[in-house]
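Keep in mind that the numbers below use all heavy atoms, side chains included, and drop hydrogens, waters and symmetry copies. Computed from a predicted structure; not experimentally measured. Below, chains carry the letters A, B, ... as their sequence lines are ordered, and counting in each starts from 1.
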Amino acid sequence: MLRIHGIIGASDAPDLHAALHRLEHRDGVEYLFVPAHEAGRKRFRLTTDRGTDCAVSIDRDQALFDGAVLLLEEDRAIVARFGAQEIWRLKARDGAAALQLGWQAGNLHWRVRFDGTVLEVLLDGDRGAYRARITELIESGLVEELSDDAREELRRHG
Amino acid sequence: MNMRESLTTTAPAARFGIGGPVGSGKTALVERLIPALLERGVDLAVITNDLVTAEDAERLRRSGLIDPERVSAVEAGACPHTIIREDPTLNIEAADALERRFPGVELILLESGGDNLASTFSLDLTDFWIFVIDVSGGDDIPRKRGPGVLKADALVINKTDLAPHVGVDLARMEEEACAVRGGRPVLMTDCRHGHGIDALVELIETRVLFRR
């Protein structure tokens, strides 16, 4: 077990970037892939892509981020990488439907953000389990599920 | 083990959440965990959450298991999940205060008030949390796939000694719990007789305290 505490800095910071670049040439950079829904943790245990068992903690006022350098040694560095956050995009048919959708999302404690008229749900688990909670809204046409392509189309044409 | 020497003084105390329905045995579990952890040399403190009293905190303070000064009480005044998930500020402040009063404390146990199957902890508050259910609540609880059952870092099925008295097929309950959790940890405990406590302590030592 490799015990690590704290974040040294960002991998794209000039000094760290140079050090990492040098280590990459010596095959010395390991990546710790953190699932998106686990990114809020202050203490966790994961294994790097090279098989190093890492026990990581950060201070309470720190937040882990994609590209955080957790270890920098003469011959090795460890960098945190986040998996892509899965997002479920929903559009309500009208204002009344939006009220219902908003009420459901709040009542279910979903993590959401807004993109214009689109509600984006940041998924922490299986999409089917989320969809089951608002099946009636979707099947009745009050709420539409958007694909990424539809989102771009909305952005272009409103 | 490769460990930086400075860690013991710089790493904050780990925060371990214990949630679950009313009467599932959360406080009894804390009463078992305290001596087991102290025996292993863990520097420990406890926070209990109650609705409008300090009942659980007083029970622990009077137990003789731990220095009463190391037990803090937080009263939710509302649904227990509101102060472990929606706005855990009261509990964060209580944990920060314990860390200030007891420098070097390694682990803070944080017991939620009894809630329902939807109860979960914020990662802003806890580093690792368990959800405690018991066999007398019904062996169908895992199948109901409540967020607490599914999302907890470990699920504890308590009061296993009561299974034959309440008509519960314990093996099937455990199997279904493992299935709905996709293989993530499920532990069986009987706090009355102390069964299963060692396995939970080993999990804490490995996943929370990073001792193994």
Side chain from CB out, backbone as N, CA, C, O: work out which of these in A/Leu108 comes under 4.5 Å of a heavy atom of chain B, or both, or neither.
neither
Using 0.5 Å steps for rounding, measure from the CG atom of A/Asp53 to the CZ atom of B/Arg212.
13.5 Å
Looking at every heavy atom in both B/Ala11 and A/His5, which two are closest together, and how far apart are they?
CA-CE1, 3.7 Å
Portion of B/Arg15 that has a non-hydrogen atom of chain A nearer than 4.5 angstrom:
both
Side chain, backbone, both or neither: which part of B/Ala95 has an atom under 4.5 Å from a heavy atom of chain A?
neither
If I take atom NZ from residue A/Lys42 and atom CG from residue B/Asp124, how far apart are they, to the nearest 0.5 angstrom?
6.5 Å
Is it true that atom CD of A/Glu136 has more than 12 heavy atoms of other residues, nucleotides or ligands lying nearer than 6.0 Å?
no
Is B/Asp153 salt-bridged to A/Arg41, going by a charged N under 4.0 Å from an acidic O?
yes
I'd like to know if the side chain of A/Arg3 reaches the main chain of B/Phe210, judged simply by a donor and an acceptor atom lying under 3.5 Å from each other, with no hydrogens or angles considered.
no
CD of B/Glu55: more than 12 outside heavy atoms within 6.0 angstrom?
no
For the side chain of A/Arg60 and the backbone of B/Pro12, is there at least one donor-acceptor N/O pair under 3.5 Å apart?
no
Nearest 0.5 Å, what's the CG-CG distance between B/Leu123 and A/Asp124?
9.0 Å
If I take atom NE2 from residue A/His109 and atom OG from residue B/Ser119, how far apart are they, to the nearest 0.5 angstrom?
9.0 Å
Above 12 or not: heavy atoms from other molecules or residues under 6.0 Å from CZ of B/Arg184?
yes
What part of B/Thr206 lies closer than 4.5 angstrom to a heavy atom of chain A: side chain, backbone, both or neither?
both
Checking heavy atoms, do the side chain of A/His37, its backbone, both or neither come under 4.5 Å from chain B?
backbone
